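Written out below as structure tokens is the structure these notes cover.
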2 protein chains.
Amino acid sequence: MDFVPLGLATDLVILTVRGGRLQVLLIRRGIPPYQGHWALPGGFVRPDEDLEATARRELAEETGLSAEGLHLEQVATYGAPHRDPRGRVVSVAYLALVPDLPAPVAGSDAASASWIDVNAVLEEHAADAVQDGRTGVREVRLAFDHRRILADAVERARAKLEYSPLATAFCPPEFTISELRGVYEAVWGIPLDPRNFHRKVTRTPEFVTPTSATTTRDGGRPAQLFHRGTATTLHPPMTRA
Amino acid sequence: MDFVPLGLATDLVILTVRGGRLQVLLIRRGIPPYQGHWALPGGFVRPDEDLEATARRELAEETGLSAEGLHLEQVATYGAPHRDPRGRVVSVAYLALVPDLPAPVAGSDAASASWIDVNAVLEEHAADAVQDGRTGVREVRLAFDHRRILADAVERARAKLEYSPLATAFCPPEFTISELRGVYEAVWGIPLDPRNFHRKVTRTPEFVTPTSATTTRDGGRPAQLFHRGTATTLHPPMTRA
DNA sequence: CCAAAAGTGTTGTATCTACACCCATGT
DNA sequence: ACATGGGTGTAGATACAACACTTTTGG
């Protein structure tokens, strides 16, 4: 057996939708390298620990949620020889989707964790585009190759919304069609027609199933509440513009 | 840094279409563990070698082709603690697509490599389904977790044929629409209407571009020859039944 | 001439988009 | 009453499946 010395880690791209915006959980690094930069949460795989178990453990640590029931999937593995200046570290990236948490990020360790607007990180940073008055976040440089990992994970999420019921993973157990539409709009970054969206979702077999309850939490006429259906793929798929 | 002792390897799922069937390159293991079983070609990542470089090196070694221009993409990483009985080995799986080689598998090292029908490997093996008179191949048990890796890679290929021009990676530089259809039929395992397929492919922008040449190698009326277009995604996508 | 494969036209059906319109609540 | 969001109906455009039909070669 050929045991080249290397570290094996998992990095997590934890996404949520808050206030109509797609956000990612980032940690500000307190120590070099990349001290002061933002980074994806992650950690080393323990001996005899499965890769997904590592990711799920990190997810629980960072969000304070029991990771059961949360969506978690592997995205890709990054292993360029010098991606970490300290030595060879190969990292398996996972994508996690969580609903908008009522509780703030709790249980995270000493480092400061925050929800950061994904667009603020991924937008091209022309030197003159620095001042963005709306969000306050101006420029977010990620440590290591984490910008690429984030981009790959977000692209995965965008693509999977089309043909899978993944968007429900961003929602609480019971949700309205409008709230589900809000997820699509936030992740894709485009507005959708509320009426056509409603029809499409409710007519796609097993995408969502109605409960007997309604809510007025979004204002206006009471909306039917739904929970996830049993579908694993959507026929026909949802379509972006 | 946390250097747990482990081996890092890449495994290759090299697919081709021969005689209208989807086939995978497998190697018969000459030594334990799993001596005598079929396995995916693979090998350990060298110090300072990028993951994809490892995969491309293995691909060139096994097929005897220069790996340049061949399609190669990462599929997933497999790291269950006891997937290899010799110790902890984490493997990054890559999918490679090659055209039907005029030359047989050359340059492969001592172990015997063969093209094996993918269906013969992936079909469910109920104990009483062992005797399959049609294909002659009865039972192909793969070593390690390679059956799962193969299944994941094939599913990836099947899905990508829908929305990407990936099928052209199975074809020689110049090909007819029929040959391209043969790829879809082999990978998806279903027949397609030649007339609708022709229209669909030629009307999808930048999927294929016509050359000035024709061929009669498929018999019948001479067929227009095409080469790959510049599209990276297909609009509209190709559809399975 | 016939067989075989290439390629075009047509028709009915499903789906999408855009938008008019009505429904049920809070204030 | 009116603002707000929930939900249904409908018409034109687009795409699809099925299949009749014509074209161009080899034998």
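Below, chains carry the letters A, B, ... as their sequence lines are ordered, and counting in each starts from 1. A quick note: this is a predicted structure, and the numbers were derived from the prediction, not measured.
Between A/Lys200 and C/dT15 there is no side-chain polar atom (N or O) within less than 4.0 angstrom of OP1 or OP2.
The separation between A/Glu185 atom CD and D/dG5 atom C1' is 13 Å, rounded to whole Å. For the pair B/Leu180 CG and C/dA6 P, the interatomic distance rounds to 12 Å; values are reported in whole Å. Between B/Leu225 atom CG and C/dA5 atom P the separation is 17 Å, expressed in whole Å. In this structure, NE2 of B/His198 is placed 14 Å from P of D/dT24, rounded to the nearest angstrom. Taking atom CZ on B/Arg203 and atom P on D/dT14, their separation rounds to 13 Å, with Å as the unit. Taking atom CG on A/Leu192 and atom P on C/dA18, their separation rounds to 11 Å, with Å as the unit. Rounded to whole angstrom, the span from the CZ atom of B/Arg181 across to the C1' atom of C/dG7 amounts to 12 Å. Atom CZ in A/Arg240 sits about 17 Å away from atom C1' in C/dC16, given to the nearest Å.
B/Val183 places none of its side-chain heavy atoms less than 4.5 Å from the side chain of B/Trp188.
Within the nucleic acid shown, A/Ser178 comes within 4.0 Å of sugar-phosphate atoms alone, with no base atom in reach, counting heavy atoms only. Note on A/Thr202: nothing from the nucleic acid sits closer than 4.0 angstrom, heavy atoms only.
The closest side-chain donor-acceptor pair between A/Asp11 and A/Tyr78, if any, does not fall under 3.5 angstrom. For the residue pair A/Thr214/A/Gln224, the side-chain donor-acceptor check at 3.5 Å is not satisfied.
Among all heavy-atom pairs drawn from B/His227 and B/Thr211, the shortest one is ND1-CG2, 3.1 Å.
Between A/Glu73 and A/Arg156, at least one side-chain nitrogen of the basic residue sits less than 4.0 Å from a carboxylate oxygen of the acidic one, meeting the salt-bridge criterion. Here B/Arg217 pairs with B/Glu179 in a salt bridge; the nearest charged N to carboxylate O distance falls below 4.0 Å.
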Query raised in the report: Nucleotide by nucleotide, 5' to 3', does protein get under 4.0 Å of the base (B), only the sugar-phosphate (S), or neither (-) in nucleotides 19-27 of chain C, counting heavy atoms?
Result: BBB-BBB--

**Report entry** Intermediate values then yes/no, side-chain hydrogen bond (donor to acceptor under 3.5 Å, both in side chains), A/Gln23 and A/Thr16
**Finding:** CA-CA 5 Å; A/Gln23 307 200 316; A/Thr16 195; over 6 Å; no

